[in-house]
Trainee: 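Pasting in a structure now, in structure tokens, and then I'll have a few things to ask.
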Amino acid sequence: MFHSFFPNPKRFLLTAVIWSIICVSLWQIEFSDWEDRLGLSGLFGWEPSRVWLYEYTALCYGAFVLFWLRQTDHPWAKWSVAGSALIVFATWFQVQLDVMINEWFGTFYDIVQQALAEPNSVSAGDYYAQLATFLKIAMVFIITAVIVAFFTSHYVFRWRTAMNNHYVSLWPKIRHIEGASQRIQEDTMLFARIMESLGSRFIDAVMTLLAFLPILWGLSSFVTELPVVGEVPQALVFVAILWSVVGTALLGLAGWRLPGLEFRNQRVEAAFRKELVLGEDNAERAQPPTLAELFSNVRKNYFRLYLNYLYFNVVRYSYLQAGAILPYIALGPTIINAGVTLGVMQQILRAFQRVEGSFQFLVMSWTTIVELMSIYKRLSAFERAIAGDTQAAIEFEAEKPAAAKGP
């Protein structure tokens, strides 16, 4: 799954983490006071210090890519190394644009509040200039998002191609393994599709958290009191983290059985499908009693899955609906005491939602994660079978026997 596409995956990930720490440390110690060294700020009308941050980050990513491309002759290195760096950098850039939009909301809503409080206190030129500023940022965001989505689709298909080529090269050796064709065709396709959506959301969640948590920390100075609790330092950060941890724990407890059930679901479906395929060429196979028994297993597993999703969804939707009004509850004393302007309130709400949403990545993506875990289990068992492990625990996992009844 990983070695076919990435050069030495563990070392690649470790060096990426270490290099990130080094670059962030150097920025904080030395380079944060520098300004636009390449003179590109005039092209966009942005602050030189902000443009220098983008330039510095791009240089750091470029150095990492050059290092790895010189260190390996892996056939997919350009896509896996340079492609990964490009996706992560572009996602980080999109988050920075979102930060700019958050700042714009503060200024814009303050102007709206001023205009509504006192007629003609804001000129039409000032009002529409603010909208024009938003359009410029939004246009860059849209172009970046479209390009990143297009590139990411090609990136994950190359990953699938690498896995496909690896497994197909071993076909004479592995064709006897149960479900080999499904592993190569269907599971690699599903793995690539889920990695495209889930991987992009995960990177976005991490980048958003790194960008908006300091902003929420600063905005928390406006909120010194919470309902019932009273005064709490950095109250908004405290609420966002606590609420997200509670939600993740609740969803984890409610859905801990789902990965195993999804995996068993794939097994019983595969057994039913295989019998039907064999019956196409052999009249003695796929007899009604056999098919009825196999479909009964499918029905039993689906009904068990539906039941588990029932209470999982009760917890999930209850938590999400409660979270929709949580920031307004937390801001209650501040709003009642007129402690913030409308613009600052909008900044706080958007920053809170971004931080909360990042912490809630597991909550929001749990069903997709369950599906990915199921696919990972199947491919892991398949690779162990390729390596000669005839007792791959997951692939040959048996149903737990029913508990014996007492006399």
Side-chain angles (χ1 to χ4, degrees), residues 6 12-32 34-38 40-41 43-44 46-68 79-105 136-156 195-218 347 350-351 353-361 364-365:
F6 291 92
F12 176 76
L13 180 60
L14 180 61
T15 54
V17 172
I18 294 174
W19 182 241
S20 299
I21 294 173
I22 292 174
C23 290
V24 171
S25 300
L26 289 174
W27 173 263
Q28 296 295 335
I29 294 171
E30 175 64 27
F31 297 113
S32 60
W34 291 22
E35 293 192 353
D36 181 15
R37 294 286 170 143
L38 300 179
L40 299 178
S41 56
L43 296 177
F44 303 99
W46 294 344
E47 298 176 3
S49 58
R50 187 188 295 274
V51 175
W52 165 238
L53 172 61
Y54 302 154
E55 295 168 351
Y56 173 81
T57 306
L59 290 172
C60 290
Y61 277 101
F64 178 80
V65 170
L66 289 176
F67 168 79
W68 264 100
W79 276 99
S80 60
V81 177
S84 298
L86 179 59
I87 291 172
V88 174
F89 173 77
T91 303
W92 171 84
F93 180 67
Q94 285 180 276
V95 171
Q96 294 301 311
L97 292 174
D98 197 19
V99 170
M100 294 176 66
I101 292 175
N102 192 68
E103 295 172 356
W104 175 86
F105 265 98
K136 286 195 295 185
I137 301 173
M139 185 60 66
V140 177
F141 186 94
I142 292 170
I143 294 173
T144 304
V146 170
I147 294 174
V148 171
F150 178 80
F151 181 81
T152 301
S153 297
H154 278 271
Y155 171 88
V156 295
M195 286 301 297
E196 179 179 1
S197 61
L198 190 64
S200 297
R201 294 204 304 271
F202 175 73
I203 294 172
D204 181 71
V206 173
M207 295 298 180
T208 300
L209 183 63
L210 293 176
F212 277 92
L213 190 59
I215 294 174
L216 187 64
W217 184 276
Q347 283 185 293
R350 292 189 83 256
Q353 290 167 357
R354 294 298 188 273
V355 171
E356 183 190 29
S358 297
F359 278 121
Q360 290 176 350
F361 172 77
M364 303 299 293
S365 307

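Everything numeric here is computed off the predicted structure, so don't read it as measured data.
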Trainee: Enter the distance from Trp92:CH2 to Leu210:CG here, rounded to the nearest 0.5 Å.
Mentor: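 Result: 11.0 Å between the selected atoms.
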Trainee: Looking at every non-hydrogen atom in both residues, tell me the closest pair between Asn102 and Ala351 and how far apart they are.
Mentor: OD1-N, 3.8 Å
Trainee: Which heavy atom of Trp79 sits nearest to which heavy atom of Tyr155, and what is that distance?
Mentor: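 Looking at all heavy atoms of both residues, the shortest contact is O-CE1, 3.2 Å.
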Trainee: Can you name the nearest heavy-atom pair linking Ile21 to Ser25, along with the distance?
Mentor: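 Scanning both residues, the minimum pair turns out to be O-OG, 2.7 Å.
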Trainee: According to ring pair (Phe, Tyr, Trp, His ring centres under 6.0 Å), who are the partners of Tyr61, at least two apart in sequence or on a separate chain?
Mentor: Phe89
Trainee: Rounded to the nearest 0.5 Å, how far does OG1 of Thr208 lie from CG of Asp204?
Mentor: 4.0 Å
Trainee: For residues Ala90 and Thr144, report the shortest heavy-atom separation together with the two atoms involved.
Mentor: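 Where Ala90 meets Thr144 most closely, the heavy atoms are O-CG2, 4.2 Å.
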Trainee: What distance separates His154 NE2 from Thr152 OG1, expressed to the nearest 0.5 Å?
Mentor: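 The OG1 atom of Thr152 is 10.5 Å from NE2 of His154, to the nearest 0.5 Å.
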Trainee: Using side-chain heavy atoms (C-beta onward) and a distance below 4.5 Å, is Trp27 in contact with Thr57?
Mentor: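 Of all side-chain heavy-atom pairs linking Thr57 with Trp27, none is under 4.5 Å.
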Trainee: Atom CG in Leu86, atom OG1 in Thr91: separation rounded to 0.5 Å?
Mentor: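 Separation between the atoms: 9.0 Å.
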Trainee: How close do Ser84 and Phe6 get, counting heavy atoms only, and between which atoms?
Mentor: OG-CE2, 3.6 Å
Trainee: Taking C-beta and beyond as the side chain, do Phe93 and Leu97 meet within less than 4.5 Å on heavy atoms?
Mentor: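 Result yes, sub-4.5 Å side-chain heavy-atom pair found.
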Trainee: Could you measure the distance from the CG atom of Leu198 to the CD1 atom of Ile203? Nearest 0.5 Å is fine.
Mentor: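 Taking CG in Leu198 and CD1 in Ile203, the distance rounds to 10.0 Å.
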Trainee: Whether the side chain of Trp68 engages the backbone of Ala82 through a donor-acceptor N/O pair (distance < 3.5 Å, no angle test) should be reported.
Mentor: no
Trainee: Please report the closest heavy-atom contact between Tyr56 and Leu26, naming both atoms and the distance.
Mentor: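 Here Tyr56 and Leu26 meet closest at OH-CB, 3.5 Å.
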Trainee: If you draw a 6.0 Å radius around CZ in Phe202, do more than 12 non-hydrogen atoms from other residues or ligands fall strictly inside?
Mentor: no
Trainee: Which residue pairs satisfy the salt bridge (charged side-chain N to carboxylate O under 4.0 Å, His left out) criterion with at least one member in residues 85-103, sequence neighbours excluded?
Mentor: Arg50-Glu103, Asp98-Arg350, Asp98-Arg354
Trainee: Quick one: pull up OH in Tyr54 and CG in Leu59 and give me the separation to the nearest 0.5 Å.
Mentor: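 Rounded to the nearest 0.5 Å, the OH-CG separation comes to 15.0 Å.
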